[in-house]
Every structure is written in C-alpha cells, then in structure tokens.
Amino acid sequence: MEKMEKDIEVMENVALSEPLEEGFERENVGVEKENGITATGGNILVTVKQKLFEFFNRVMEVEGVKHVLGGNLERTRAYHVWPGKNVFFFHGRLICGPDPRGLMLTSVSIILSSWIFAIYVGEDLPSHSSLIISISVILTIIVLVNLILVSAIDPGIIPRNDGQETIADVGTSTGTRRRRVTVNGVEMKLKYCRICKIYRPPRSCHCAICDNCVEKFDHHCPWIGQCIALRNYRFYLTFVASAMVLFAYLFAFSCWRIHQRVLKNGTGFIGMLRNCPETLALMLSSFAAIGFLGGLALFHVYLTAINQTAYENFRQRYVRFRNPYDKGILHNFMEVLFVPMPPSRVDFRAEISSRSFSAAETEL
C-alpha cells in the first residue's frame, strides 16, 4: 500500500510538473521566435539602409560626373576634354576666353552708362525725350549684341595634332622646325608649335592666354577676354564703331544738360558737382571712352586698309618684303567686312572616341 501511495504521489507530481515545463518551453520558444523576428526585422532595416546609402552615393557620383561632362554620360564631346583654357557655355555652343573680368567690366560700364543717361539725363531733355532715350537704348542693344558675338564665338582656333610626330616633323639638325610656303609670290616661313604639335599656317600665332593656335591672329583683347582673329575680327570692328557712336551720343546730350543747368542756375564747376554729379561723371567717362575707342578705331581702319593684323604690325613682319595679302584698299575692306565668315575648324560638339578621350586626359 505504501508503495502504491508513493507511486501515485510521484505520478501526481509528474502530472503537475509536465504542463509547467511545457508551458515554460513554449514561452521560451515564443520569446525566441519574437527575438528572431525582431532580429530579422532589424537586419532587414539595416540592409535597406545600406542599400539606400549605396544608391544615394551612386546617384551623387553620377550627378557629379554629369556636371563635369555637361550632363551626358553616354556622349563625350570635344569641348569636355579640350586642352585649351577656353570656357564653354550651352554645351559647347559658346566659346569664351579664360578670364571673364574684362568682359564683365566692359558690359557693366556700357549698361551703367546707358542707365544713368536714361534715368538722370532724361529729366532735362526737351519734348522729344522719349525718342532720344529710345535711340540710346537701341544703340546699347547693338553694342551688347556685337560684344556677345565677338566674345562668344570661335575666333579661329586651329585643331591640335593628337597623333604621334612623324619623321617629317622632326625638323633640322639645328633644332628649328620650320617649313616654307609661297603666298602670292612671296616665300613665308611656317613655324612649328610644340604645344599644338602642328606647323602653324601663315598669319597664325599661339595665344599664351587661351593656350590655342589661332588663325590670322590679331591680338588678345583684355577688355573682351577673347582672342581677336579670323572669325570674329569684323564683329570686333563693329563693336568698336558702335560703342564709339554710343558714347559720343551720351557725351553730346550730357554736355547739353550741363549747359542748360549752367544757364538756368548760373553755377560753376563746384555747383555742378552738387547739382548733377552723375551727369558730370557720365560726361567725363564718355569723353575718355570716345578718346580710347576713337584711337582704336583709327588704328584698325589703317590696319584693314593695308591688310595687316595688329600682331604683324607690332612685329614689323613686312618691313623687308612686301605684304602678299595686300590687294588694295577697297578689296581689303571688302575682304574683312563682306567675305562670308569661314566655318570653325574645330567641331567642339563632336563626339570623340574613348581612345581620344584617354589621350586628351593624358595631355591634360
């Protein structure tokens, strides 16, 4: 009996203990599952964050490359890797010089002078003041259009030689690299450019500021920030002439206003400084501009008449022999002003191969 009672007690203990252990085990399994789900969810979130971060970095890298290459990763164009110092705008359609300070100063001077004339000088103009101001605005627009044309087109850049030098390019034993050509019966020398690796055509020169060989190089204008050469020389002449006309126009009416103030108030120079200093400043600046532009215009009219460039005149290129390009005054002016502008020798928007791209990067 005692044995049976002990067995029953043991069985009761077992019966009572099994559900507790099973429940405890189930609870542990539930907690483990919960922890596993939480851990899995945390890992997924970490993975998603990493993927997003990597994607964001890739997007930023792509946008940076797009910004450098003009917004197109699939096409590498010539202006992207051009070794010169020019600055390109509108995907290679506009070509400017490397230093924009002179161009900005010239533009601000023209716009500010026209604005002062329209605001201050227009107060004392006669009954046709609106017409006079309209003419000044039209002249200003003409000057600015010519300024944009002369500063933003290809002046005549000569393509560089990207290939290897041949035996014919080695030159003489003295180290000089020159060839000779005959132009209208006059023998001329072609100099070798070590930077562009080409024999420069006659009348061309390598501009140290823009770092390009330019055809029919005249000069590099610091007030425009661009080379003046074959393709933009006529726009340069029209810009100088139109700017001189504009400042002469402003100067005449500024003098008229000062004269009217002197007659009306009977004041002298000190009185003018007090009453209308802006008109006096406009008159003086216009007078200085007329003197500068007038001298420049006369010099280039002379050069056009004899068919020389400023660089050739400075170097006295045709002192020992005659100028083979001089065709007479009339034909020289027609050649500069009316002959169709030659196309650009460099297509800066042309797509280049990966090999050319690597060679350009190496040169840079």
>> Strictly distance-based, threshold 3.5 Å: is any side-chain N or O of Arg203 a donor or acceptor partner for the main-chain N or O of Lys216?
In response: no
> Does the side chain of Phe292 reach to within under 4.5 Å of the side chain of Phe247, using non-hydrogen atoms?
Replying inline: no
> Which heavy atom of Cys255 sits nearest a heavy atom of Met283, and at what distance?
Replying inline: SG-SD, 3.5 Å
> Run the side-chain contact (heavy atoms from CB on, under 4.5 Å) check on Ser204 and Ile158 step by step: do they pass?
Replying inline: CA-CA 9 Å; Ser204 62; Ile158 303 173; 3.8 Å; yes
>> So does Arg77 get a backbone contact from the side chain of Arg349, meaning a donor-acceptor N/O pair under 3.5 Å?
In response: no
> Which atoms form the tightest heavy-atom contact between Ser109 and Ser113, and what is the distance?
Replying inline: O-OG, 2.8 Å
> Do Arg101 and Pro222 have side chains that get closer than 4.5 Å, going by heavy atoms?
Replying inline: no
>> Given 3.5 Å as the limit, does a donor-acceptor pair link the side chain of Asn307 with the main chain of Asp326, or not?
In response: no
> How far apart are the closest heavy atoms of Lys85 and Ala208, and which atoms are they?
Replying inline: NZ-O, 4.0 Å
> How are the rings of Phe88 and Tyr79 set to each other: parallel, tilted or perpendicular (split at 30° and 60°)?
Replying inline: tilted
> Are Leu280 and Trp256 grouped together when hydrophobic residues (ILVMFWY) are joined by side-chain heavy atoms under 4.5 angstrom apart?
Replying inline: yes
>> Testing the basics here: between Ser107 and Leu147, what is the closest heavy-atom pair and its distance to 0.1 Å?
In response: OG-CD2, 3.4 Å
>> With heavy-atom distances below 4.5 Å as the criterion, would you say the side chains of Tyr233 and His300 are in contact?
In response: yes
> So which heavy atom on Arg200 is nearest to which on Cys213, and how close?
Replying inline: CD-SG, 3.4 Å
> Can you list the steps and then say if Phe314 with His219 is a ring-ring contact (aromatic ring centres under 6.0 Å, His included)?
Replying inline: CA-CA 10 Å; Phe314 175 75; His219 69 285; over 10 Å; no
> Atom CD1 of Ile224 and atom CD of Gln226: how far apart are they, to the nearest 0.5 Å?
Replying inline: 8.5 Å
> So with a 6.0 Å cut-off around CZ of Arg322, is the heavy-atom count from everything else above 12?
Replying inline: yes
> Would you find more than 12 non-hydrogen atoms of other residues, nucleotides or ligands less than 6.0 Å from Met341 atom CE?
Replying inline: yes
> Should Val150 and Arg234 count as side-chain neighbours, where that means a heavy-atom distance under 4.5 Å?
Replying inline: no
>> Just checking Phe287: does its CZ atom have more than 12 heavy atoms from other residues, nucleotides or ligands closer to it than 6.0 angstrom?
In response: no
>> Donor-acceptor check, side chain of Asn212 to backbone of Val214, threshold 3.5 angstrom: yes or no?
In response: no
> Are Trp223 and Ile111 linked, directly or through other ILVMFWY residues, by side chains that come within less than 4.5 angstrom of each other?
Replying inline: yes
> Met244 and Val336: same hydrophobic cluster, using ILVMFWY side-chain contacts below 4.5 Å?
Replying inline: yes
> Does Val181 share a hydrophobic cluster with Ile198, counting links as ILVMFWY side-chain heavy atoms below 4.5 Å and allowing steps through other members?
Replying inline: no
> Does Ile142 sit in a hydrophobic cluster with other residues, and if so which ones, taking ILVMFWY side chains as linked at heavy-atom separations under 4.5 Å, directly or through other members?
Replying inline: Ile138
> Are any non-hydrogen side-chain atoms of Phe239 and Val143 less than 4.5 angstrom apart?
Replying inline: yes
> When rounded to the nearest 0.5 angstrom, what is the spacing between CG in Leu230 and CZ in Phe217?
Replying inline: 13.0 Å
>> Main chain of Gly84, side chain of Asn86: is a donor-acceptor contact present, judged purely on distance under 3.5 Å?
In response: no
>> So which atom in Ile133 and which in Ala118 form the shortest heavy-atom distance, rounded to 0.1 Å?
In response: CD1-O, 3.7 Å
>> For a 4.5 angstrom cut-off between non-hydrogen side-chain atoms, does Trp82 reach Val346?
In response: yes
> Would you say Asp218's side chain and Thr309's backbone share a donor-acceptor pair under 3.5 angstrom?
Replying inline: no
> Rounded to the nearest 0.5 Å, what separation is found between the NE2 atom of His206 and the SG atom of Cys227?
Replying inline: 9.5 Å
>> Go through it in stages, so that I can follow the logic: the residues are Arg257 and Tyr120, the test is side-chain contact (heavy atoms from CB on, under 4.5 Å), and I'd like the CA-CA distance, side-chain angles, deciding distance and then a yes or no.
In response: CA-CA 10 Å; Arg257 187 197 181 198; Tyr120 294 99; 4.1 Å; yes
> Is there a donor-acceptor pair under 3.5 Å between the side chain of Asp154 and the backbone N or O of Ile157?
Replying inline: yes
> Are there more than 12 heavy atoms of other residues, nucleotides or ligands under 6.0 Å from atom CD1 of Ile329?
Replying inline: no
> At what distance, to the nearest 0.5 angstrom, does CG of Asn146 lie from CZ of Phe235?
Replying inline: 8.0 Å
> Are the side chains of Ile116 and Leu250 in touch, meaning some heavy atoms are under 4.5 Å apart?
Replying inline: no
> What distance separates Leu112 CG from Ser285 OG, expressed to the nearest 0.5 Å?
Replying inline: 8.5 Å
>> Could you tell me if the side chain of Leu246 sits less than 4.5 Å from the side chain of Thr140, heavy atoms only?
In response: yes
>> Between Val301 and Phe333, does the side-chain contact (heavy atoms from CB on, under 4.5 Å) criterion hold? Intermediate values first, please.
In response: CA-CA 9 Å; Val301 166; Phe333 274 100; 3.9 Å; yes
>> Are Phe89 and Val81 linked, directly or through intermediate hydrophobic residues, by side-chain heavy-atom contacts shorter than 4.5 Å (ILVMFWY only)?
In response: no
>> Nearest 0.5 angstrom please: Asn161 CG to Ile195 CD1, how far?
In response: 14.0 Å
>> Check this for me: Arg315, atom CZ, are more than 12 non-hydrogen atoms of other residues, nucleotides or ligands nearer than 6.0 Å?
In response: no
>> Within a 6.0 Å radius of atom CZ on Phe321, are there more than 12 heavy atoms belonging to other residues, nucleotides or ligands?
In response: yes
> Hey, does the side chain of Tyr249 reach the backbone of Ile132 with a donor-acceptor pair shorter than 3.5 angstrom?
Replying inline: yes
> Is there a donor-acceptor contact under 3.5 Å from the side chain of Ser114 to the main chain of Ile110?
Replying inline: no
>> Under the criterion side-chain contact (heavy atoms from CB on, under 4.5 Å), I'd like the reasoning laid out for Asp99 against Ile209: C-alpha separation, chi angles, the key distance, then a yes or no.
In response: CA-CA 9 Å; Asp99 190 1; Ile209 299 175; 5.8 Å; no
